[in-house]
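Below, chain A is the first sequence line, B the second, and so on; all start at residue 1. This structure is a prediction, so every number in the text was calculated from the model and none was measured.
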Amino acid sequence: MSMMEWMVIIGGIAAIIWINWYFFLARQVVSNAAIALEGIQEVAIVVEGGYHPALVSVKRGKLVRLVFDRRERSGCSEEILFPDLGVRKFLPPFRKTTIELTPTETGDLEFTCGMSMLRGRLIVQD
Amino acid sequence: MQTTTPLILIEQRNSEHTAQIETYAVTAHEKVTIPVKGMTCAACQARVQRALQAKPGVLDASVNLMLKNAAITYDPAMTSPMGLVETIRGTGYGAELAAQDQTALDEQEAQDRAQEEEYRELRRKALLSGGIGLLAMTLSMPLMGASDADVHGPVADPFMRWAMESLTPAIHAVAPWLYTFAPWVLSYALLALTLLVMGWAGGHFYVRAWSAFRHHSANMNTLIAVGTGAAFFYSVLATVAPEFFLSRGMLPDLYYEAVIMIIVLILTGNALEARAKRQTSVALRRLVELQPKMARVVRAGAEVDIPVSEVESEEIVIVRPGERIPVDGAIISGTSAVDESMVTGESLPVEKQPGDRVIGGTINRSGAFRYRATTLGADSVLGHIVKLMREAQGSRAPIQKLADRVSGIFVPIVLSLAIATFVVWFVTAETAPAVRAFGAMVAVLIIACPCAMGLAVPTAIMVATGRGAELGILLKGGEALQRAGEVTTVVLDKTGTVTEGQPTVTEVILVSGTKWSERDLVRLVASLEASSEHPLAEAIVRHARGLSLTLSTAEAFQSLTGRGAVGVVEGIALAVGNALLMADNAVDSAPLTQAAERLAAEGKTPMYIAIQGQLAGLIAVADPIKPTSRAAVQRLRDLGLKVVMLTGDHRGTAEAIAREAGIERVVAGVLPDGKVAEITRLQRAGEIVAMVGDGINDAPALAQADVGIAIGTGTDIAIEASDVTLMRNDLHGVASAILLARRTMRTMKQNLFWAFIYNVVGIPIAAGILYPAFGMLLSPILASAAMAFSSVSVVANSLRLRRARVA
C-alpha cells in the first residue's frame with residue numbers, strides 16, 4: 001500500500017471517531033431557564049434547523065414560559081410537539097410563539113418537531 | 001329522518017406531567033386586549049395604565065374606562081398575556097384573559113397558509129434551478145469531448161456521462177458554437193451557475209446543517225450539505241488548480257452539474273412532499289372552512305349581519321333555508337331539516353324543532369328558524385373537533401418508537417459509512433480510485449433518507465384522523481389508533497349503545513272484566529308517575545302525552561325502591577309496580593302473571609296496575625334496540641371480533657336484547673364497578689378490549705378498556721374518558737373505527753418497512769456493493785432521485801387512506 005493509501009485509511013478512521021464523538025458523546029450545553037420577575041421560568045428557543053438551546057433545565061412546580069423563535073420557513077420545524085403532554089402547536093415562520101406549562105414531575109420532557117426529526121428536552125429538576 | 005343531535009364536549013386529558021397547560025399564539029409586538037374589572041374613575045384608569053407601561057416588555061398600553069379594557073402592545077419574548085393579567089391584578093383590579101376564540105381554527109388556517117407558501121417557494125426554486133441545471137448540462141457537453149475515454153473526465157458523474165454522450169450529436173448539430181469556447185471558460189461558467197443554485201435555491205440546506213452542527217446534532221440537511229459541499233469543493237479545486245490533480249496522475253474531475261441536479265431533485269422531492277403533506281390535512285381544512293364568516297343576528301329589534309366572531313352567547317341568530325348555521329345554539333322558533341353530515345357523517349338531514357340543538361357549520365336545508373347562540377369559538381362543537389383533531393394529528397403511535405430511535409442516530413452513522421466507503425474504494429479500486437471513492441461517498445450521503453422514516457407514521461395518523469372525522473369518528477391520537485387496530489373483543493354497554501336508551505311503552509294489557517279503558521288506565525298511571533323521576537315512569541308519561549291525555553296531580557305519592565309507586569289520583573288509590581308491590585297491597589296478580597312472564601322473557605319490564613286494591617291491568621315498558629344494532633354487530637363479528645354485552649339489567653331482559661341484536665355473550669346484572677372488573681377479567685385472559693358506552697356509569701369502564709369508544713349523544717365525562725368518539729348514535733361507527741384503525745396500522749407498517757428497507761438496500765448499493773459482481777456503481781444524481789422518491793412514496797401511500805372504504 002502506498003503512503004497515500006495509509007494516509008486515507010488513518011484519516012478516515014480518525015474522521016469516523018471524531019464524528020461519533022462529536023454527535024454522540026460530546027456534552028451538549030444545558031441552558032438554565034432564567035427566572036423572570038413574576039417567578040416564571042423563561043427560555044427563548046431559536047428554531048432554525050433544530051432547537052437552540054435543545055436542552056433546558058427547569059425547576060419543578062414553577063410556570064415555564066418557552067418562547068419559540070422560528071427563524072425559517074422550512075416545513076420541518078413548523079410544529080412543536082410535547083408528546084407526553086399532548087401539546088401540539090403551530091409555529092408561524094419568523095415569529096415568536098409562547099408555550100407555557102408547569103412541570104409537576106422531575107425527569108425529562110421531550111419536545112420534537114411534527115415529524116420528530118428535530119428534538120429538544122426540558123430537564124425538570126427539584 | 002333522525003332526530004338525535006349529538007352533544008359533544010371534548011376535554012383534553014391532562015398528563016401526569018402537568019397540572020396546567022396553557023398555550024397562547026403570540027407574535028413579536030403582539031397586541032392583546034384584556035378586559036379590566038372594577039375601574040370606576042379616571043384615577044383607576046391611570047393607575048392601571050401606569051402599571052402596564054412600567055412593565056418590562058410592554059411597548060404600549062392604553063386603558064379605556066368606557067370599554068373597561070386595556071389594549072396592550074408587548075414583546076412576547078419578554079412577557080405574556082398571563083403576565084399582563086398578573087400586572088393588572090397587582091394594581092387591585094380584576095382582569096381575565098378573553099376567551100381565545102377559535103384558536104384551533106385560526107391556527108389551522110395560519111398553518112395552511114404557511115404550508116401553501118412553502119410549497120410555492122419550493123416549486124419555484126425547483127423549476128428555476130431545474131432550468132439552470134439544463135443549461136449547466138449543455139455547457140458541460142463540450143468538456144466531455146475534451147475528456148479522456150476512461151471513467152475519468154471533467155464530467156465525473158457516470159449517469160451524467162451517459163446522458164451527455166447520448167445527447168452530444170444533437171448538441172453538435174444545434175449549437176456547434178458551444179464547442180468553440182476554451183474549456184476553462186466553460187468550467188468557470190459552470191462554477192458560477194453552481195454557486196447560484198447552491199446559494200439561492202439550496203442555501204437553506206447549508207444554513208440549517210450548520211445550525212444543527214453547532215449544537216451537536218445532525219439531520220437530513222447535514223447529509224445534503226456534506227454530500228453536495230464535498231462534490232462542489234472537489235470541483236472548485238479541479239477548476240482553479242487542475243495541476244494539483246494532474247501532478248498526482250489524476251484528471252481534474254468536475255461535479256458541477258451533479259451538484260445542481262442533486263439540489264434540483266431534492267427540491268422537487270421536497271415540493272412534492274409539501275404538496276402531499278398538505279393533502280394529509282385536507283379533511284381538517286375542510287372542517288375549518290365550514291365555519292361561516294358572517295351571521296345574521298337580532299340586535300335592538302333589527303336583523304343585522306355581523307362577523308361570526310362578534311356573535312355573543314345568548315344572542316338570537318336567524319338562519320334561512322340553504323344557509324350555513326353560523327354558531328352552535330338551541331332553536332327558539334321554527335322547524336327545519338339540517339344537514340349535519342359534515343360533522344356527524346350522518347347522510348340524512350336531521351329534523352329540528354324548538355328546543356333542539358344545532359351545530360355551527362352545518363347546513364340548514366328546509367325551513368327558516370331563530371335560535372339562541374350557546375357555545376362560541378373555541379368552545380363550539382366545530383372548535384372542539386378541530387382542536388381534538390389537531391392534537392390527534394400531532395400525537396405519536398407507539399409503533400413509531402423504533403423509527404424515532406433509528407432516526408436519532410441515523411445521520412452520524414451514515415456520515416461514518418460514507419467515510420468508510422471512501423476509504424475502501426480508495427484503497428481497493430484498481431483504476432481511478434479517487435474518482436470512484438468520491439462518487440460512492442457522495443452517493444451514500446445523498447441516498448440516505450431519514451425523512452421517509454420520520455414521515456411514515458405521522459402522515460398515516462394525519463390522513464386517518466381526517467378520514468375518521470369525515471365519517472363522524474373522532475380519534476384521540478396515534479396511540480388510540482394503534483390499540484383500536486389490535487382490538488380482539490368489543491364490549492357493548494346495553495342501554496343507549498345497543499338500545500335506543502329511551503324506554504317506551506310497548507303494551508298495555510287490561511285484566512278481563514275491568515271497567516277501566518286503556519286510555520283511563522294510562523291517564524291515571526301517568527298522572528301518578530309524573531311525580532317520579534324513574535326512567536320507566538318518564539316513558540309512561542311520554543306515552544300519555546303522545547296520546548294527548550290530560551294528566552291530574554297525584555297526592556300522597558310514594559316511591560318504593562325495588563317495588564314501584566303508590567299514590568292517589570282524582571281520589572282513586574293507585575299502586576303501580578312489580579309482584580312484590582301487589583303482594584304488599586294484598587292484590588292478587590295471578591290473572592296477569594303469565595302475561596307478565598312472557599313480557600319479561602321478551603326483555604320488557606311489566607308493571608302491574610292496581611286500582612282501589614283491585615288488579616286492573618299491566619303496562620310494559622322496554623328500551624328497544626336501535627334499528628342498526630343487529631347489522632353492526634354482524635359487521636363486528638365479520639371482522640373476527642368477539643362481541644360481549646354488559647348490562648346492569650337482569651338476565652331475562654339482557655338475554656332478550658342480546659338475542660335480538662345477535663350478540664352471543666351477555667354479562668347481566670353488573671354494577672359500574674362490575675363493568676370494570678369484567679373488562680379487567682377479559683384483559684387478563686389476553687383479550688384486547690374495546691368498550692363502547694355512552695353514560696356516566698361507563699366512564700370508568702371506558703378508561704379501563706384498551707380502547708374506550710364513546711357513542712353519540714354521549715356525556716362529557718364519557719367522551720373525556722374515551723379514545724374514540726362516535727358522532728353518530730349508531731354501532732356501525734364502532735366497526736368503521738376498528739376497520740379504519742386496522743387499515744391505518746397496515747399503512748404505517750408498509751411505510752416503516754419501505755423507509756427502512758429503502759435505506760438498508762439503498763445505502764449499500766450506493767456504496768458500490770454491486771460493483772464486484774455486476775460492475776454497477778450508482779450515480780449520485782440517481783441517488784438523489786431515489787431519495788426524493790422515497791419520501792414522496794411514503795406520503796403517497798398514507799394518502800391512500802383518504803379513500804379507505806370503511807363505512
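Contacts of L91(A) with chain B are absent, with no heavy-atom separation under 4.5 Å from either backbone or side chain. Residue contact with chain A, scored on non-hydrogen atoms closer than 4.5 Å, is absent for F410(B). Residue V457(B): no heavy atom, backbone or side chain, is found under 4.5 Å from chain A. Residue contact with chain B, scored on non-hydrogen atoms closer than 4.5 Å, is absent for R60(A). Of the two parts of E121(B), only the side chain, counted from C-beta on, holds a non-hydrogen atom closer than 4.5 Å to a non-hydrogen atom of chain A. Heavy-atom distances place no part of A437(B) under 4.5 Å from chain A, backbone and side chain included. Of the two parts of F82(A), neither the backbone nor the side chain holds a non-hydrogen atom closer than 4.5 Å to a non-hydrogen atom of chain B. Residue A212(B) touches chain A through both its backbone and its side chain, counting heavy-atom pairs closer than 4.5 Å. The contact between E78(A) and chain B is made entirely by side chain atoms (from C-beta outward), counting heavy-atom distances below 4.5 Å.
For the pair V8(A) and V423(B), the tightest heavy-atom approach, listed with the atom from each and the gap, is O-CG2, 3.7 Å. Minimum interatomic distance between T79(B) and R65(A) (heavy atoms only, all atoms of both residues): CA-NH1, 3.8 Å. Here the shortest heavy-atom pairing between E5(A) and V427(B) reads OE2-O, 3.6 Å.
The structure places CZ of F90(A) at 7.5 Å from CD of Q115(B), a figure rounded to the nearest 0.5 Å. In this structure, I409(B) CD1 and N20(A) CG are separated by 9.5 Å, a value rounded to the nearest 0.5 Å.
Of the listed residues (E117(B), M220(B), R113(B), H204(B)), the greatest number of heavy-atom pairs within a distance under 4.5 Å of chain A belongs to E117(B). In terms of heavy-atom pairs under 4.5 Å with chain A, the best-connected choice from A209(B), G454(B), G478(B), P458(B) is G454(B). Between chain B and the options V64(A), V124(A), L118(A), T112(A), the largest number of non-hydrogen pairs under 4.5 Å is found for T112(A). When each of I419(B), N219(B), L417(B) is checked for heavy-atom pairs under 4.5 Å with chain A, I419(B) comes out on top.
For residues 11-18 of chain A, the interface with chain B (any heavy-atom pair closer than 4.5 Å) comprises G12(A), A15(A), I16(A), W18(A), sorted by residue number.
Contact check for F23(A) versus V411(B): no side-chain heavy atoms found under the 4.5 Å cut-off. Taking the side chain as every heavy atom from C-beta outward, R208(B) and E72(A) approach each other to under 4.5 Å.
Side-chain atoms of Y22(A) do not come within 3.5 Å of backbone N or O of P412(B) as any donor-acceptor pair.
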